[in-house]
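The structure under discussion appears below in the form of structure tokens.
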There are 2 protein chains.
Amino acid sequence: MPDISQVLSDTFLRTNALDPRESGNKTYSISQLAKEFDITTRAIRFYESEGLLSPEREGRNRLYSQRDHTRLKLILRGKRLGFSLDEIGELFELYDSSSTGELAQLSRVLEKIEERKQILKQQLEDIQLSLHELKEFERQCRQRLRQMRSNH
Amino acid sequence: MPDISQVLSDTFLRTNALDPRESGNKTYSISQLAKEFDITTRAIRFYESEGLLSPEREGRNRLYSQRDHTRLKLILRGKRLGFSLDEIGELFELYDSSSTGELAQLSRVLEKIEERKQILKQQLEDIQLSLHELKEFERQCRQRLRQMRSNH
DNA sequence: ATTGACGTTGACGTTAACGTCAATATAATA
DNA sequence: TATTATATTGACGTTAACGTCAACGTCAAT
């Protein structure tokens, strides 16, 4: 019985992570991640407290796997797209729950996807419209500048 | 000396508004606007307290002109695009200040526009990427559903 | 005369997403 | 051994964007 999460695109989640130290997978400290993504360690810990990350521990210290790295990337992209951390958490749950293979879950996933797509398409329209308007405004600014120069 | 704000696209601001009652321009009450844009009157008053709107008064009551109507539409679009109310206010100020005809202001406007365009283009990329990923995920969900059905 | 719809101005409450300490532990380095 | 760099867990503070009262005015309809 193949697991849906296993066929997900590389850019999405990889579940069934092995122990980071036993396998040859790269790991990260919290400050490494903070530096790479240009955020604070406080933010990273906060995401964990909200259930968006769950790194291993090496003693007291957090040890982040590739999966955590990917998740963090997704969190930040989600934020750029205007999603709240709760919504991002929902999406994670959906991906995870789809791996149980339950049919009812699958159709709920599809619903959520459709919902997101609608929002994204709306935003896309908004952005394209705004880009057009900004370009038009810019054009008129430049034209005005030329007029001012030709009038000495 | 033509005013830049006068050559702005219809979808942007119209300044130099006349008295709403003397001219034949349509006006709105606060609850009319609230209903049309599906927001609360509280929100509209809040936008005013933040300097984003400045409707006339008919006695104590607020009287909104076409210009206010347009501004409100822009506020909401800005919010959908992820801008804060402060940022939206900045944009309004830029449009307004450009009408003074000062050259220095104009180039600052152009800078700001470029800044916004970069952000918007980044968001556009993010959204298009996410739409692709969502479609791919959806495709695999549907494929999985077909498998489950063919296996009885 | 009172009810209801609509408006007003405070003023305090709320949520999200962290920031900003403080106090402490550990490991490597000077 | 002292310093430095890095980590930890609280716990309280902060900002944005309103929500949610409260207390009141005004006008039309019953």
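In what follows, chains are A, B, ... by sequence order, proteins preceding strands, each numbered from 1.
Regarding E90(A), its CD atom lies at a distance of 12 Å from the P atom of dA16(C), rounded to whole Å. Distance, L85(B) CG to dA16(C) P: 18 Å, rounded to whole Å. Between the CZ atom of F37(A) and the C1' atom of dC18(C) there is a distance of 18 Å, given to the nearest Å. With rounding to whole Å, L63(A) atom CG is found 14 Å from dT6(D) atom C1'. In this structure, Y28(A) atom OH and dT6(D) atom P are separated by 19 Å, rounded to whole Å. For I44(B) and dG19(D), the CD1 to P distance is 11 Å, given to the nearest whole Å. Protein atom CD1 of I30(B) is 11 Å distant from nucleotide atom C1' of dC6(C), rounded to whole Å. F83(B) has its CZ atom 19 Å from the C1' atom of dT15(D), to the nearest Å.
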Pairing annotation in dot-bracket form, given for DNA chain D with Watson-Crick or G-U pairs under 3.5 Å and | for cross-strand partners: ||||||||||||||||||||||||||||||

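Side-chain nitrogen and oxygen atoms of T40(A) include none within less than 4.0 Å of the OP1 or OP2 phosphate oxygen of dC18(C). Side-chain nitrogen and oxygen atoms of K79(B) include none within less than 4.0 Å of the OP1 or OP2 phosphate oxygen of dA16(D).
Listed for the S31(B) side chain is no donor-acceptor partner under 3.5 Å among the backbone atoms of A34(B). Between the side chain of Q128(A) and the backbone N or O of E125(A), no donor-acceptor pair lies under 3.5 Å. T40(B) places a side-chain N or O within donor-acceptor distance of the main-chain N or O of A43(B), the cut-off being under 3.5 Å. Judged by distance alone, the side chain of N61(B) and the main-chain N or O of E58(B) form no donor-acceptor pair under 3.5 Å. Side chain of D68(B) to backbone of S65(B): a donor-acceptor contact under 3.5 angstrom is found.
Among residues two or more places apart in sequence or in another chain, the side-chain hydrogen bond (donor to acceptor under 3.5 Å, both in side chains) test is passed with Y28(B) by Q66(B). For R142(A), the salt bridge (Lys or Arg N to Asp or Glu O under 4.0 Å) partners two or more places apart in sequence, or in a different chain, are E138(A). Residues meeting the side-chain hydrogen bond (donor to acceptor under 3.5 Å, both in side chains) test with E36(A), sequence neighbours left out: H69(A).
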Worked verdict on L52(A) versus R71(A) for side chain to side chain contact (heavy atoms under 4.5 Å, CB included): CA-CA 8 Å; L52(A) 300 181; R71(A) 280 228 178 196; 5.6 Å; no

Chi angles and distances behind the side chain to side chain contact (heavy atoms under 4.5 Å, CB included) call for Y64(A), L72(A): CA-CA 10 Å; Y64(A) 296 89; L72(A) 186 49; over 6 Å; no

R62(B) and L53(B): CA distance, side-chain angles, deciding distance, side chain to side chain contact (heavy atoms under 4.5 Å, CB included) verdict: CA-CA 11 Å; R62(B) 291 167 173 84; L53(B) 293 173; over 6 Å; no

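Within residues 46-54 of chain B, the residues that have a heavy atom under 4.0 Å from DNA chain D are, in order of number, F46(B), Y47(B).
Closest to the side chain of N61(B), from the set dC18(D), dA7(D), dT8(C), is dT8(C). Set against dT8(C), dG7(C), dT8(D), the side chain of S31(B) has dG7(C) as its closest nucleotide. For R45(B), whose side chain is taken as the heavy atoms from C-beta onward, the closest listed nucleotide among dC18(C), dT8(C), dA17(D) is dT8(C).
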Show each protein N/O and nucleotides 20-29 of chain C N/O combination with a separation under 3.5 Å, one pair to a line.
unit_1, atom_1, unit_2, atom_2, d
dT20(C), O4, R42(A), NE, 3.0

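R62(B) comes within 4.0 angstrom of sugar-phosphate atoms only, judged by non-hydrogen atoms across all strands, and of no base. Residue-level contact check: T41(A) touches neither bases nor backbone, having no heavy atom under 4.0 Å from any strand.
Using a 4.0 Å cut-off between charged side-chain N and carboxylate O, E48(A) and R45(A) make no salt bridge.
Heavy-atom distances to DNA chain C give each of S29(B) and D86(A) a nearest nucleotide, and the one nearer the 5′ end belongs to S29(B).
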